Structure formats: C-alpha cells, structure tokens
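Within every chain, numbering begins at 1; the chains are lettered A, B, ... in the order of the sequence lines, protein sequences first and strands thereafter. The figures here come from the full heavy-atom set of this structure, side chains too, leaving out hydrogens, waters and symmetry mates. This one's a predicted model, so the numbers in the text were calculated from it and none came from an experiment.
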There are 2 protein chains.
Amino acid sequence: MDHTPPDDYQLDIQVGFLLRRANQRHLAIFAAQLPGLTPTQFAALAKLCELGPISQNALGRATSMDAATIKGVVDRLRHKGLVAALPDAADRRRLVLAPTPEGKAAYARARPSAHRITSETLAPLTEDEAETFLALLTRLG
Amino acid sequence: MDHTPPDDYQLDIQVGFLLRRANQRHLAIFAAQLPGLTPTQFAALAKLCELGPISQNALGRATSMDAATIKGVVDRLRHKGLVAALPDAADRRRLVLAPTPEGKAAYARARPSAHRITSETLAPLTEDEAETFLALLTRLG
DNA sequence: AGGATAATGTTTGTATGCTAATGAATATCT
DNA sequence: AGATATTCATTAGCATACAAACATTATCCT
C-alpha cells in the first residue's frame, strides 16, 4: 500500500542521463588537463604503445571503437605525426600501426596528466567510494 | 614496500574509458528498445513534457545540452512533428517550445520502454549495487 | 536616457560514434 | 580446387557534442 506506482519518470535519475553527464564532466577535465589530445586519441595512442605494432581494426577492438571510428582517430594521430602506418606484407588487407618516436614521447608526457584526470574526475568521491564505483562501472561495460 | 608504483597505465581501468564503454552499452540497449528516438531526443521530449512550454536554451540547460546541441535535437523533434515552436511575444529573442499532441503521445508510449532500458542497463548489478552505483554516479555529474 | 553587459538563437568547424554498403584479400569447408 | 564465408579497410550518412563567432534583443548600471 506504500508502494509508489512508477507513474513518474524523472529524467535526472536515469542511468543514461547520469552517464552522459558524468562523461561530459570527464571530457571537460580531460580537455583542460591535456589540450593536445582527445580522450579517444589518447586511448588509441596508449593502447598502441602498450601493445606494439597492431592492425587498425585490432586497435579498434582493443579500445572499443568500431572500424569507422578508429579510422578517423588513427587518421588524426597520423596527421599529427604520432602514429605511423605501413601495409602488412603478410596480409595485404591490413594496415600495421605503430607509434612514432614523437608518439611515444607524447604518450610518456601525457601519462602523468592521465593520472591527474582520473583523480580529478573521481574527486567528488572518497577513495573507498571511488574503488566501489569503478568496480561496479566495470561490470556495466 | 608492497606499494605498487603508478608506473603502469592500464587503459582498461581508467574512469574515462569505463564511462565510454558503459555508455556504449547503454546506447545499444536504448536503440534496441526504443528505435524511433535517440536518447538525447527522448531526454529533450521528456523534459519538455515534464516542464511544459519553455525556451530552447532553457530546455538545453535542463537536459545538459549546450545551445548548439539542443538546437539540432529540437530541429529533429520538430521535423518529426513531436515538438512545436513559437516566437515568444514577451522576448523576441526566444523560441518557446511545447510538445505537440503527437509528442505527448510518443512520450507516453516511450515511458515503459525507458524503464526497461534503465533496468536492462543495470541488469549486471544487484538492486543494492545499482542503488549504490546510481548514488555515486550522480555525484560525478 | 544611454552605454556596457548579458542572454538567445544561429552558423561553422572539428571530433566522436554508429549503421550500412563496398571492394579487396584471406580463411574455411566441402 | 572451388565455392562460400569472413575479415579488413574505406566510404557515406546520420546524430550527438563542444568551441567560437555572430546578430539581435534584453537587462543592468550609472
């Protein structure tokens, strides 16, 4: 009898809306801390430095970007001189990507900022809360 | 001595990356459950139905979209016949928006789907976990 | 009253992000 | 081997998002 019928729809309480807002805030923090790279560009560069030479689509899978998206991101990284691409001799469909020396340097320079960005994004939470949040968020991916 | 130096950067652990992934999954669920409207379009329509007639920029603020973004969203809703726009007699800069009867009907029809979308997005978590997650996520917006 | 300021809506440009279609190359399977 | 299927990269089209610049209109302040 005390049961509230779900007749109301409060947008501000919905996961999708909250995810979008949290992401907006994170993007703003990222742009302020690391002006030269977008989050996706940094993610692609970071994964490429982590994994070493890899095909474009494989890099996309590693960073959760589809083929169309990763292409645009890689094109911009190549245009900036951070990533080099060579045709794969063994599989002529493939484009093998690798970070350039400038790309590796940019990644090394950006890493401290990346840590600050994560900290600042999670700053409204205590350490325990942040840990809980990340664990739950991981399961929603 | 057991302290791990933050020398490594694991992309898959970063908030930004996890937020992007969770959002991707949510968008896919949304598109499957509610094919006619995008999440932003639904958010704008829902807020407009909640709040009643309001200017375009004010609707943008209510839904966390900047002026350029809300314009595109509203244009598409108007093109679908879900939203009507009239010049404000009191303030000639303003465009007063209101849902059309079709817009109100679409909102009423979409609301059950919206609840399902939220449930499905949070399905990997228990109810208690989902509640915790939403509380923490709210503080990151 | 009148000049600085601010708000509203618009446009342009850049960057994600998805779907769908395409052509080329490789794998698979009978 | 040959037909079928899959993978890779690309392209086109649509929909967020944000920044920056703009003209128009309100408001504020002295």
A.B. asks: Check whether any side-chain heavy atom of B:P39 lies under 4.5 Å from a side-chain heavy atom of A:Q14, and answer yes or no.
C.D. replies: no

A.B. asks: What's the shortest heavy-atom distance between A:L122 and A:L134, and which atoms?
C.D. replies: CD1-CD1, 4.0 Å

A.B. asks: Once you round it to whole Å, what is the distance between C1' of D:dT24 and CG of B:D91?
C.D. replies: 10 Å

A.B. asks: Could you list, one pair per line, each protein nitrogen or oxygen that sits under 3.5 Å from a nitrogen or oxygen of nucleotides 18-23 of chain D, together with the distance?
C.D. replies:
unit_1 : atom_1 : unit_2 : atom_2 : d
D:dC18 : OP1    : A:Q24  : NE2    : 3.4

A.B. asks: Please figure out whether B:N23 or A:L95 has its closest DNA chain D nucleotide nearer the 5' end.
C.D. replies: A:L95

A.B. asks: By the definition side-chain contact (heavy atoms from CB on, under 4.5 Å), identify the one residue from B:L125, B:L137, B:N23 that meets it with A:L140.
C.D. replies: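 Result for side-chain contact (heavy atoms from CB on, under 4.5 Å) with A:L140: B:L125.
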
A.B. asks: Rounded to the nearest 0.5 Å, how far apart are CD1 of A:I29 and CD of A:E120?
C.D. replies: 4.5 Å

A.B. asks: Quick one: what's the B/S/- string for nucleotides 1-7 of chain C, heavy-atom cutoff under 4.0 Å, read 5' to 3'?
C.D. replies: ------B

A.B. asks: Whole Å only: how far is the CG atom of B:L59 from the P atom of C:dG9?
C.D. replies: 10 Å

A.B. asks: Out of curiosity, A:D88 CG to A:L95 CG, how far, rounded to the nearest 0.5 Å?
C.D. replies: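 Nearest 0.5 Å value for the CG-CG distance: 9.0 Å.
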
A.B. asks: Where along residues 32-44 of chain B does a heavy atom fall under 4.0 Å from DNA chain D?
C.D. replies: B:T38, B:T40, B:Q41

A.B. asks: With sequence neighbours left out, what residues match B:S119 under side-chain contact (heavy atoms from CB on, under 4.5 Å)?
C.D. replies: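 Scan of B:S119 (side-chain contact (heavy atoms from CB on, under 4.5 Å), adjacent residues dropped) gives none.
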
A.B. asks: Rounding to an integer number of Å, can you tell me how far A:F30 CZ sits from C:dT16 C1'?
C.D. replies: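 Answer to the nearest Å: 13 Å.
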
A.B. asks: Run through DNA chain C and report every stem of 3 or more consecutive Watson-Crick or G-U pairs, distances under 3.5 Å, ordered by first number.
C.D. replies: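 So the stems come out as C:1-30 with D:1-30.
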
A.B. asks: Nearest-Å distance, CG (B:D88) to P (C:dT8)?
C.D. replies: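 Atom-to-atom, B:D88 to C:dT8, this comes out as 11 Å.
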
A.B. asks: In residues 76-86 of chain B, which ones come under 4.0 Å of DNA chain D, going by heavy atoms?
C.D. replies: B:R76

A.B. asks: Distance-only criterion, 3.5 Å: show the donor-acceptor pairs between side-chain atoms of residues 50-58 of chain A and protein atoms not counting sequence neighbours.
C.D. replies:
unit_1 : atom_1 : unit_2 : atom_2 : d
A:E50  : OE1    : A:K47  : NZ     : 3.2
A:S55  : OG     : A:A58  : N      : 3.2

A.B. asks: For residues 61-71 of chain A, which residue pairs qualify under salt bridge (charged side-chain N to carboxylate O under 4.0 Å, His left out), counting only residues two or more places apart or in two chains?
C.D. replies: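 Non-adjacent pairs meeting salt bridge (charged side-chain N to carboxylate O under 4.0 Å, His left out): A:K71-A:D75.
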
A.B. asks: Report the residues that fulfil side-chain contact (heavy atoms from CB on, under 4.5 Å) with B:R76, sequence neighbours left out, ordered by chain and then residue number.
C.D. replies: B:Q41, B:V73

A.B. asks: How far apart are the C-alpha atoms of A:Q24 and A:R20, what are their side-chain angles, what is the distance that settles it, and do they pass the side chain to side chain contact (heavy atoms under 4.5 Å, CB included) test?
C.D. replies: CA-CA 6 Å; A:Q24 276 175 357; A:R20 188 163 64 82; 3.3 Å; yes

A.B. asks: Between A:I29 (CD1) and D:dA17 (C1'), how many Å, whole number?
C.D. replies: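 So the CD1-C1' distance, A:I29 to D:dA17, works out to 17 Å.
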
A.B. asks: Would you kindly compare B:G72 and A:Q56 by the position of their nearest DNA chain D nucleotide and give the one closer to the 5′ end?
C.D. replies: A:Q56

A.B. asks: By salt bridge (Lys or Arg N to Asp or Glu O under 4.0 Å), which residues pair with B:R139, not counting sequence neighbours?
C.D. replies: A:E129

A.B. asks: How long is the line joining NZ of A:K71 and C1' of C:dT14, in whole Å?
C.D. replies: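 Rounded to whole Å, this separation is 16 Å.
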
A.B. asks: Can you find a side chain N or O atom of A:R20 that sits less than 4.0 Å from OP1 or OP2 on D:dA17?
C.D. replies: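 Yes, because at least one side-chain N or O of A:R20 sits under 4.0 Å from OP1 or OP2 of D:dA17.
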
A.B. asks: Determine whether more than 12 heavy atoms belonging to other residues, nucleotides or ligands lie under 6.0 Å from atom NZ of B:K80.
C.D. replies: yes

A.B. asks: Looking at side-chain heavy atoms only, is the closest gap between B:F133 and A:V15 below 4.5 Å?
C.D. replies: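 Of all side-chain heavy-atom pairs linking A:V15 with B:F133, at least one is under 4.5 Å.
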
A.B. asks: With sequence neighbours left out, what residues match A:A28 under side-chain contact (heavy atoms from CB on, under 4.5 Å)?
C.D. replies: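 If we apply the side-chain contact (heavy atoms from CB on, under 4.5 Å) test to A:A28, skipping adjacent residues, there are no hits.
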
A.B. asks: Report the residues that fulfil side-chain contact (heavy atoms from CB on, under 4.5 Å) with A:L34, sequence neighbours left out, ordered by chain and then residue number.
C.D. replies: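 For A:L34 the side-chain contact (heavy atoms from CB on, under 4.5 Å) partners, ignoring immediate neighbours, are A:F30, A:L37, A:F42, A:A110, A:S113, A:I117.
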
A.B. asks: Identify whether A:L27 and A:M65 are in the same connected component of the hydrophobic contact network (ILVMFWY, side-chain heavy atoms under 4.5 Å).
C.D. replies: no

